[in-house]
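Counting starts at 1 for both ligands and their atoms, in listed order.
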Amino acid sequence: SIPLRHGAHRIGNRTDSDMAHWRDYGLGQFIHWGLYAIPGGFWHGQPVNGAAEWIRSSKKVDPKEYDALISQFNPVKYDPVAWALMAKNMGTKYVTFTTKHHDGFCLWPSKYSDFTIMQSPWKKDIIKPFVEAYNKQGIDVYLYFSIMDWHNPDWRYELKTKSDSVAFDRFKEFTKNQLTELLTLYPTTKGLWFDGTWDKSWKASGAFSDELEQYLKKLRPGLVIGSRLRADEKGNRHLDANGRLMGDYHQVWERKIPETIAEVKGYDWECVMTVPENQWGYNARWSGHVKSSSEIIEMLANCVSKGGNFVLNFGPKGDGSFREEEIRLAKEIGNWMAVNGEAIYAAGQSDFRKEDWGYYTKSKTSGKTYMVVFNTPVTNMLKVNIPKNQKIASQKLLGSKQVLPLEHIEGRMHYIRLPGGVRQQPAVIELQLISDD
Ligand SMILES: C[C@@H]1N[C@@H](C#Cc2ccccc2)[C@H](O)[C@@H]1O
C-alpha cells in the first residue's frame with residue numbers, strides 16, 4: 001500500500017456506541033434554509049435555472065445584490081417547536097440543519113463574520129432554539145457546514161500564487177474558528193455534515209483537513225463526521241490513495257442510492273434526497289418530477305435493506321413556513337412509520353435474497369425479518385426463498401397482525417399470499433424465523 005500521513009487512520013467501521021446509535025436511525029430529515037429561500041429560485045421576476053440554494057452563482061445574479069438579501073431576512077413564521085413536532089410526527093430520528101451554506105450566510109451569531117443572522121432584521125440566533133426544540137423531541141441534531149464560502153474574500157477555488165496560499169491560510173483559520181464556535185455554542189451536536197469540499201484548494205489541503213477532523217473529535221469525542229470533509233495528501237477524497245474510507249460513513253450518496261449491496265463496500269452510509277429533482281433550498285416553482293410519499297418510503301426501505309440511513313430534505317420558505325407539499329409528505333410518511341417503523345428503526349440487511357416485490361429488512365433488536373412490499377404481483381403471491389437452516393414460524397401483516405397464508409412451492413421456495421385489494425401505502429409483513437435443524 002502507498003504510505004500516507006493523511007489518509008484513513010482506521011480500517012473498518014467505527015465500533016463505538018455513538019456510531020452504533022447513528023447506524024440505527026433509519027430515517028432522517030435535512031433542512032436547507034438561508035437567504036436563498038427569499039428569492040426562491042427567481043431573480044427580478046424571472047426563474048433562474050439550477051438549484052435555488054446556488055442562485056448567487058448564477059450569471060443572472062449580481063453577488064452584491066444577493067448579499068443585500070440579508071436586510072430582508074426576517075422569518076416571522078419561524079417556529080422551531082412546530083418544525084420539530086412535524087419532524088417527530090414524520091418519524092424522524094435525526095436532523096441535519098444548514099448553519100452556513102456556500103453563500104456564507106451564518107444562521108448563528110458568529111463573531112468571525114459580518115454576514116450573520118445578527119446583521120439581519122431578525123437579530124437572533126436561529127440555531128440555538130432549533131437544537132433545543134429538536135432535542136426536546138428526542139431528535140439528534142447534526143450541523144451542516146459548507147467549507148466553500150463565496151462571501152469570504154479569502155476563499156480560493158485554486159491556490160495558484162503565494163498570495164492565494166496566504167489568503168487560504170487565513171481562510172482555514174476562519175473555518176476552524178467557526179467550527180469551534182458551533183461545537184461550543186451547541187454542545188449537544190452529534191455530528192457535522194460537511195459540504196463544498198470538491199475544489200482544488202481543498203484537495204490541496206489534505207493535511208489541514210486531517211488535522212481539523214482530529215481537532216474537532218478531540219473537542220467533541222464521539223462526533224460523527226462523514227467522508228466529505230477529508231482529502232489525503234494526494235488530493236483523493238472519500239477514499240484515500242489506498243482505497244480506504246476517510247470518515248465515519250460514506251457520504252457520496254447524494255440524490256442516489258447504491259444499486260447493489262456490493263456498491264456499499266461494507267461502509268456505513270446514508271443517502272440524502274430531495275423531494276423535487278434537485279432543489280435543496282426553497283424554490284417557488286418545483287418543475288419536473290415531485291416524489292410521492294410511496295416513492296420516498298420505497299427509497300427509505302431500499303436504503304435500510306442495504307444497511308444505510310435515508311435522509312429527506314425540506315426547504316422552508318424565507319418567512320420560516322413550509323410549503324404544502326412538504327407538510328403533506330411529512331404527514332403521509334409519519335402515518336406509515338407509525339405502523340411500520342419497526343421494519344426501519346434499528347434495522348438493516350437481512351439474510352434473504354432480494355425479490356421483485358420489494359425489500360427485506362431485519363431488526364437488530366427483535367431479530368425479526370420484514371418484507372416491505374411495493375410491487376404486488378397480479379397473483380398477490382409473494383415469492384420467499386427461505387435461507388438454509390431456517391423456517392418461518394409466523395408471517396403477519398404489520399398493523400392488522402393478520403396471519404397470511406404460507407404455501408410451500410419446492411425446496412426453499414415458498415409463497416406468502418397478500419390479501420387482495422388496492423393499497424395506498426406499501427404493506428409490511430413481519431416474519432418470525434426459527435432454526436430448521
Ligand atoms: C447537500 C447538497 N450539496 C450541495 C451541492 C452540490 C453540487 C455541486 C456541484 C455539482 C453537483 C452537486 C447542494 O447545494 C446541497 O447542499
Side-chain angles (χ1 to χ4, degrees), residues 27-43 48-59 61 63 66 69 92 94-107 126-127 130 141-151 155-158 175 178-179 182 191-203 224-231 237-238 247-257 269-288 291 296 299 303 308-318 326:
L27 176 60
Q29 180 188 47
F30 216 142
I31 295 190
H32 276 71
W33 197 40
L35 296 184
Y36 40 79
I38 296 172
F42 282 71
W43 202 253
V48 175
N49 287 336
E53 71 283 355
W54 273 69
I55 195 167
R56 186 185 189 276
S57 68
S58 164
K59 290 186 181 52
V61 176
Y66 175 92
L69 288 169
T92 307
Y94 68 129
V95 64
T96 300
F97 187 34
T98 49
T99 61
K100 180 178 87 170
H101 204 259
H102 312 329
D103 63 359
F105 177 60
C106 303
L107 285 177
I126 291 278
I127 306 295
F130 176 94
V141 174
Y142 291 70
L143 298 179
Y144 168 108
F145 182 89
S146 175
I147 296 286
M148 176 170 71
D149 181 330
W150 294 327
H151 182 83
W155 165 255
R156 293 291 183 281
Y157 287 99
E158 201 177 347
T175 298
Q178 286 206 313
L179 289 166
L182 288 172
L192 294 168
W193 207 97
F194 287 99
D195 205 3
T197 55
W198 43 75
D199 288 301
K200 285 180 181 170
S201 54
W202 195 254
K203 286 180 183 174
V224 175
I225 298 178
S227 62
R228 211 173 270 204
L229 170 64
R230 297 261 312 276
R237 294 178 59 237
H238 298 286
D248 298 327
Y249 62 94
H250 209 180
Q251 217 178 339
V252 288
W253 304 106
E254 178 175 321
R255 295 191 306 109
K256 56 190 181 204
I257 297 173
W269 65 280
E270 80 179 2
C271 162
V272 290
M273 186 57 73
T274 51
V275 175
E277 190 193 330
N278 182 20
Q279 296 293 335
W280 298 85
Y282 174 71
N283 192 316
R285 183 191 63 155
W286 272 1
S287 57
K291 297 170 191 74
I296 286 163
M299 291 178 172
C303 289
N309 289 326
F310 179 76
V311 180
L312 184 65
N313 181 71
F314 288 72
K317 299 178 186 175
E326 291 182 350

**Study point:** Plane angle bin for His102 and Trp150 - parallel if under 30°, tilted between 30 and 60°, otherwise perpendicular
**Key:** perpendicular
Check your understanding: Within the structure, does at least one protein heavy atom fall under 4.0 Å of atom 11 (C) of ligand 1?
Key -> no
Review point. What do you think, any protein heavy atom under 4.0 angstrom from atom 2 (C) of ligand 1?
Key: yes
Practice item. Please report which non-hydrogen protein atom sits nearest to atom 8 (C) of ligand 1, along with the residue it belongs to and the distance in Å to one decimal place. Key: Trp54 CZ2, 3.3 Å
Check your understanding: Does some side-chain heavy atom of Val275 sit less than 4.5 Å from a side-chain heavy atom of Leu312?
Key -> yes
Review point. Hey, is Val272 one of the residues with a heavy atom under 4.0 angstrom from ligand 1?
Key: no
Check your understanding: To the nearest 0.1 Å, how far is atom 15 (C) of ligand 1 from its closest protein heavy atom, and which atom is that?
Key -> His32 NE2, 3.4 Å
Check your understanding: Considering only the protein, which heavy-atom contact is closest to atom 14 (O) of ligand 1, and what is its distance?
Key -> Glu53 OE2, 2.7 Å
Review point. So, is Trp193 polar-close to ligand 1, with some N/O to N/O distance under 3.5 Å?
Key: no
Practice item. Output the distance between atom CD (Gln251) and atom OG1 (Thr197), rounded to the nearest 0.5 Å. Key: 8.0 Å
Practice item. Determine the minimum heavy-atom distance between Ile55 and Trp43, stating which atoms define it. Key: CD1-CE3, 4.2 Å
Review point. How close does the nearest protein non-hydrogen atom get to atom 5 (C) of ligand 1, and which residue and atom is it?
Key: Glu254 OE2, 3.7 Å
Point to revise | Ligand-side contact atoms (ligand 1) for residue partner Asp195, heavy atom cut-off under 4.0 Å | key: 1 (C), 2 (C), 3 (N), 4 (C), 15 (C), 16 (O)
Point to revise | With sequence neighbours excluded, residues passing salt bridge (charged side-chain N to carboxylate O under 4.0 Å, His left out) with Arg156 | key: Asp164
Check your understanding: So with a 6.0 Å cut-off around CD of Glu277, is the heavy-atom count from everything else above 12?
Key -> no
Review point. Hey, what's the ring geometry for Trp253 with His250, parallel, tilted or perpendicular (30° and 60° as the breaks)?
Key: perpendicular
Check your understanding: Can an N or O of His101 be found at a distance shorter than 3.5 Å from an N or O of ligand 1?
Key -> yes
